[in-house]
There are 2 protein chains.
Amino acid sequence: MSSTRTGARRPYAARVPVAVRREQLLDAALTVIVRDGYDAVSIDAIAREAGVTRPVVYGVFDDLRDLLGTLLDRQQARALAQLADALPPVPDLSDPDRLVADTARRMIETVRADPMTWQPILLAPSSMPAQARARIEADRENFRIQLTGLLELGLALRGGPALDAEIVAHAILAVLEHFGRILLTDPDRFETDRLVATIAGLLQALK
Amino acid sequence: MSSTRTGARRPYAARVPVAVRREQLLDAALTVIVRDGYDAVSIDAIAREAGVTRPVVYGVFDDLRDLLGTLLDRQQARALAQLADALPPVPDLSDPDRLVADTARRMIETVRADPMTWQPILLAPSSMPAQARARIEADRENFRIQLTGLLELGLALRGGPALDAEIVAHAILAVLEHFGRILLTDPDRFETDRLVATIAGLLQALK
DNA sequence: CACAATTGCTACACACGTGTAGTAATTGGC
DNA sequence: GCCAATTACTACACGTGTGTAGCAATTGTG
């Protein structure tokens with residue numbers, strides 16, 4: 001375990017009210033996840049990262065499941081808020097292609113701006129607790145359903161070809177997530193403009 | 001550890017030559033991975049799955065890293081062989097759209113036919129050993145490069161719009177993998193014909 | 001400035017995985 | 001049928017994570 005050398009007493013960590021410690025521990029957990037991956041997450045690792053001992057963590061959370069669930073609540077809220085900001089509140093339907101391109105640009109910039117929030121979502125590994133995976137998956141599904149609706153509308157409005165909106169929504173989301181992952185793992189690989197330009201080109205080709 | 005009740009001697013597992021045991025252990029490891037995930041893989045779990053004790057495993061492999069590396073060799077070879085079978089050996093360039101649709105159908109059927117092989121590749125989690133991840137990623141990259149070349153050729157040949165072939169190749173691969181994952185986790189969700197029809201529709205829309 | 005509430009630490013018992021030394025069962029060849 | 005080579009098992013020492021009981025330091029309040 002973490003340094004059980006008997007004799008020298010460990011210097012006390014700053015005394016901090018529970019509510020603050022809670023946030024610190026969630027931050028520590030996120031840091032560990034982003035830096036070392038989900039596999040490295042343990043009560044012990046989080047305590048170490050936060051500079052306290054394990055009993056301090058147990059004083060705030062029941063166990064790792066409880067802690068990660070709470071973290072997910074927080075990160076889910078942040079991600080959804082950012083996503084809502086990136087999506088157009090009052091879509092200007094007069095130029096659908098431009099609308100799509102602008103929205104894509106805002107989403108790219110959103111991920112670039114806060115990778116800590118997006119990494120655990122876009123790079124969510126199977127080792128994540130099943131409960132957490134299910135909740136992320138539910139959000140994803142929800143987003144996909146909205147996207148499907150938009151597509152049906154858009155395809156009709158734009159006079160494009162008759163396509164299976166559900167499948168296309170799956171495909172679009174898969175592409176979004178793929179490039180989201182690239183933005184996280186290798187941010188300099190593709191410039192934002194290049195990605196947006198390709199989207200615009202594809203839309204134009206679909207006349 | 002696994003049942004250390006002293007007294008009753010464990011019945012001997014069938015005596016088997018090393019070469020056979022090696023394959024059995026690889027099969028056991030794959031079973032554990034597919035059923036319980038990478039996190040559940042351990043020398044102990046594999047030994048249990050194979051119905052032997054840990055020292056038997058250590059008699060065949062140095063450690064877990066060695067075992068998983070060997071498994072990856074085997075599965076990589078199987079997957080690449082299946083993929084090669086699915087791709088057209090002598091592409092008929094007279095009807096590119098049909099060629100793409102037929103190839104897609106064969107790939108879908110390939111994944112459906114042998115999910116055990118494809119799950120560890122398509123659902124490869126971050127908890128996988130870095131070395132193994134790197135090798136799978138190298139194959140993916142290789143495939144993507146070939147795809148990029150085909151696209152440049154195809155886009156020119158087909159008289160489609162000028163597009164960023166590299167980005168489009170990324171996107172296509174992301175979509176392929178996404179539907180591959182769906183085929184594994186929820187095989188009945190989309191019928192093969194429906195997927196192929198959507199591809200055909202998209203191609204047609206891109207005239 | 002003392003003291004009680006709060007916060008943090010040490011140390012333990014337990015669980016599970018690793019890797020190995022020593023021993024026992026099996027089995028094919030004589 | 002015996003025996004030596006092969007294969008498998010038991011039992012141990014060790015490492016790392018969990019969860020908790022009991023004690024120690026800190027701090028703000030009277």
Which whole-number value in Å describes the distance from [X] [atom1] to [N] [atom2]?
{"X": "Arg22(A)", "N": "dG8(C)", "atom1": "CZ", "atom2": "P", "result": "13 Å"}
{"X": "Ile43(A)", "N": "dC9(C)", "atom1": "CD1", "atom2": "P", "result": "15 Å"}
{"X": "Asp44(A)", "N": "dC9(C)", "atom1": "CG", "atom2": "P", "result": "13 Å"}
{"X": "Asp66(B)", "N": "dT18(C)", "atom1": "CG", "atom2": "C1'", "result": "15 Å"}
{"X": "Leu64(B)", "N": "dG19(C)", "atom1": "CG", "atom2": "P", "result": "8 Å"}
{"X": "Asp39(B)", "N": "dG17(C)", "atom1": "CG", "atom2": "P", "result": "12 Å"}
{"X": "Asp63(A)", "N": "dA15(C)", "atom1": "CG", "atom2": "C1'", "result": "16 Å"}
{"X": "Phe61(B)", "N": "dT18(C)", "atom1": "CZ", "atom2": "P", "result": "14 Å"}

_If we ignore hydrogens and angles and just use 3.5 Å, is the side chain of Glu49(A) paired with the main-chain N or O of Ala28(A) as donor and acceptor?_
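No, Glu49(A) side chain to Ala28(A) backbone: no donor-acceptor pair under 3.5 Å.
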Sort me out a list of protein N/O and nucleotides 21-25 of chain C N/O pairs below 3.5 Å, or just none if empty.
residue : atom : partner  : partner atom : Å
dA24(C) : N3   : Tyr12(B) : OH           : 3.0
dA25(C) : O4'  : Tyr12(B) : OH           : 3.4
dA25(C) : N3   : Arg15(B) : NH1          : 3.2

Item to check | Pairing residues for Glu177(B) by the side chain to side chain donor-acceptor pair (under 3.5 Å) criterion, not counting sequence neighbours | outcome: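 Glu177(B): side chain to side chain donor-acceptor pair (under 3.5 Å) contacts with Arg140(B).
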DNA chain D: Arg21(B) or Tyr58(A), which has the more 5' nearest nucleotide?
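Going by which nucleotide is closer to the 5' end, it is Arg21(B).
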Check your understanding: From Ile46(B) CD1 over to Thr31(B) OG1, what is the distance, rounded to the nearest 0.5 angstrom?
Key ->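 Answer rounded to 0.5 Å: 10.0 Å.
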**Report entry** Whether over 12 other heavy atoms sit under 6.0 Å from Glu137(B) CD
**Finding:**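 Yes, the 6.0 Å shell around CD holds more than 12 heavy atoms from other groups.
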task = May I ask you to check whether over 12 heavy atoms, not counting those of Glu23(A), lie within 6.0 Å of atom CD?
result =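 Counting other residues, nucleotides and ligands, CD of Glu23(A) exceeds 12 neighbours.
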Note to self: Let's test your reading of the model: under 3.5 Å, does the base of dG19(D) pair with the side chain of Arg54(A) as donor and acceptor?
What the structure shows: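 Per atom types, the contact qualifies.
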Nucleotide nearest Val18(A) (side chain, heavy atoms from C-beta), chosen from dT7(C), dT18(D), dA8(D)
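It is dT7(C).
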* For the side chain of Val56(B), counting heavy atoms from C-beta on, which of dG17(D), dT18(C), dC9(D) is nearest? ->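 Nearest to the side-chain atoms of Val56(B), counting from C-beta on, is dC9(D).
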Check your understanding: When all nucleic acid strands are considered with a 4.0 Å heavy-atom cut-off, which category describes Ala14(B): base, sugar-phosphate, or nothing?
Key ->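 The residue Ala14(B) makes sugar-phosphate contact but no base contact.
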Under 4.0 angstrom between Arg48(A) side-chain N/O and dG17(D) OP1 or OP2: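 Answer yes for this pair, as a side-chain N or O of Arg48(A) is under 4.0 Å from OP1 or OP2.
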Between Phe190(A) and His170(B), how do the two ring planes meet: parallel, tilted or perpendicular, split at 30° and 60°?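 The rings of Phe190(A) and His170(B) stand perpendicular, inter-plane angle above 60°.
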Under a 4.0 Å threshold between the charged nitrogen and the carboxylate oxygen, would Arg48(B) count as salt-bridged to Asp44(B)?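 Judged by the 4.0 Å cut-off on N to carboxylate O distance, Asp44(B) and Arg48(B) do form a salt bridge.
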Q.
If you assign Ala45(B) and Gly51(A) each to the DNA chain C nucleotide with the nearest heavy atom, which residue ends up on the more 5' nucleotide?
A.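 It is Gly51(A), whose closest nucleotide lies nearer the 5' terminus.
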